[in-house]
Amino acid sequence: MSVEAVTLTNEIAARRRIGAVAALSVLVVFLMLISLGIGPVRLSPLSVAQALLGAGSDVSQVIVREIRLPRTLLALAIGAILGLSGAALQGLLRNPLASPSLFGAPQSAAFGAVLVIALGLADVRSYALPVAAIIAAFASVFVLLSIAGRNAGLLILILSGLAISSFAGAATALVMNLSSNPFVVLEIAFWLLGSLEDRSFQHVMLAFPFIIAGGLMLFSQRHAFRALSLGEETAQSLGVDVGRLRLFVISGVALGVGGAVAVTGTIGFIGLVAPHLMRPLVGHDPGRLLVPSALAGSALLLAADIAVRIIPSTSDIKVGVLTSIIGVPFFLYLIMRERRALGGGVA
Amino acid sequence: MSEQALLTARGLRVRLAGRVVLEDVSLALEAGHLVALVGPNGAGKTTLLRSLAGLIPSEGEIEIGGQTLASLPLRERAKRFGYLPQGHVVHWPLPARDIVALGRYPHGATDPARLSPKDAEAVLRAMQAVDVIEFGDRRVTELSGGERSRVALARALAVEAPVILADEPTASLDPRHQIDVMQNLRATADNGVLVIVVTHDLGLAARFADHVLVLREGRLVSQGAPAEALSEQVMADVFRISAYRAEYQREAVIVPWADV
């Protein structure tokens, strides 16, 4: 083997990854067009494209650009940040079972938002909502990582995550319990299920700054995740500031998940599933898993949001319900696969 | 001994969780030497290795190549120490070559897919040195324990640092691989690198090391050439054993034999 041979094998792997990312991007664009075309008025991808470009009838332009575009953009961005957060947490903890929803981050973010709504501190379109959600999400991830310590086993992570999400759920229930206004309670209960329905560009403006900031923070650490494959001590010996990396990941996940939950409620399991779907395609390098996982997250949430509009039912299925219904069996499958590691109590 | 030491420590003291783990350790080690760090379990060997690399906070002064360690930023420290921890943990099934390429991380080559020619050459040299080229494309999780330990060693060598710190690199290896690893480290030292090896194998220490450091309860109780540092008195006091001593093919042989 020569230097050229080393470079060549790298190029083959790189070409494969670029192919996977390109195919995923095409899939995401395709799903966006379908998402924009589906609803009470069905539009073909062609008329959707025309409406986006300002051509076609006025009615289809209003439907596509004002009613369906915010929903589709939110599905794109929230799916992406959930996939990215899952991949980042798995990279940080070097554990394929890590994900925001298993660690109670969305549940805690929801509690933060619910508290603000119930106390009547803000209406549902103010920045107080995402800020409260972000603070609560930050606290939950911070507590989890503090409990987990430097070399957490799977068991500790899962148990702490269970405790935190149960606590966030209980706290949310308490707020609803104490709330004197039954309409507020009903509104919160539905909002908690997680949905992208009837979202406007106001919601997009509310969530996007945080999602983009969080996403950039996580993406900026991609090389550190790779070094972390060798454990924290070795990564540190290679010049990685592990303390800073942890803070970046906690903050990035909190910003992204908090911003997302504030406008859609809790949508779980995308962060767990997306990286797993990508590993067979792009390999296990945690640094190179981030972008494909974000794309896969977008594709999953777009597809789920299309599905809830297609599946015939008497009342609307919330997208958060659908992702959990699919995500939990997948989680069980992962537990079966990781049974040995779980049984031993160490990752 | 030449007058210019590469790595020196003066009055090193480390506390972990309120307990003093290292106390008043002073040493001066030269480039081109293989140094064996020995001592009973819990003597503070790993702690000493970590503090020398600046991975844990310590009191006292450490100098590397004439510069105080505390004054160096993380990235600069990383270029000066190839650190090989116990156990060779790799958390993801990455190809062996990518693991070795992580040794170039301190030099700015953070992406194994985009190595500069200079970094690619360093990776290749390291892989050649420990003979792991043939399984460069295989995932480390599919390798045997001996193969994996060589990949880990290649990763530490790829840093091309003036100092290599290896924590029990021969643990859980069969005799043949133990000797392989020590010979690799010996060859690295002969190329001008200061190699510090933590080991429980006094026989390997006596045979391969130029200099032996003996730690007991956080203090350096003996150091020098293997035969002096591992004198009968030290063996009895520190390890509570007697040893069979001999010379074979002009190398020192120490075989722990019976308790005293």
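Numbers restart at 1 for each chain; the letters A, B, ... are given by sequence-line order, proteins then strands. Computed from a predicted structure; not experimentally measured.
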Give the member of [options] that has the highest number of heavy-atom pairs under 4.5 Å with chain A.
options	answer
B/T110, B/L84, B/V90	B/T110
B/P85, B/A152, B/G54, B/G103	B/P85
B/V140, B/I56, B/L94	B/L94

Is there a side-chain contact between [X] and [Y] (heavy atoms, below 4.5 Å)?
X	Y	value
A/R288	B/P112	yes
B/W92	A/P286	yes
B/L102	A/L230	yes
B/H91	A/L228	no

Discussion item. Checking side-chain polar atoms at under 3.5 Å, does B/Y83 have a donor or acceptor matched by the opposite partner on A/Q236?
Written reply: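 Note: B/Y83 and A/Q236 side chains miss the donor-acceptor criterion.
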Atom [atom1] of [X]: over 12 foreign heavy atoms under 6.0 Å:
X	atom1	answer
B/R125	CZ	yes
B/R15	CZ	no
A/F330	CZ	yes
B/E217	CD	no

Worksheet entry | Salt-bridge contact A/R226-B/D98 (side-chain N to carboxylate O under 4.0 Å) |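 Here A/R226 does not pair with B/D98 in a salt bridge, since their nearest N and O are not under 4.0 Å apart.
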Fill in: Contact class of A/A224 relative to chain B, heavy atoms under 4.5 angstrom
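Looking at A/A224, backbone and side chain both touch chain B.
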Worksheet item: What part of A/R222 is in contact with chain B, defined as an atom under 4.5 angstrom from a non-hydrogen atom: side chain, backbone, both or neither?
Response: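 Contact with chain B involves no heavy atom of A/R222 at all.
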Item to complete: Could you please state which residues from residues 153-163 of chain B sit under 4.5 angstrom from chain A, measuring non-hydrogen atom to non-hydrogen atom, sorted by number, or 'none'?
Response: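 Checking residues 153-163 of chain B against chain A gives B/R155, B/V159.
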Worksheet item: Considering only heavy atoms, which portion of B/R50 lies under 4.5 Å from any heavy atom of chain A: side chain, backbone, both, or neither?
Response: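 The side chain, not the backbone.
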Practice prompt. Looking only at non-hydrogen atoms, find the nearest pair between A/G239 and B/A78 and report the distance.
Written response: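 That would be N-CB, 3.5 Å.
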Worksheet item: Rounded to the nearest 0.5 Å, how far does CZ of B/R77 lie from CG of A/L238?
Response: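 Answer rounded to 0.5 Å: 14.0 Å.
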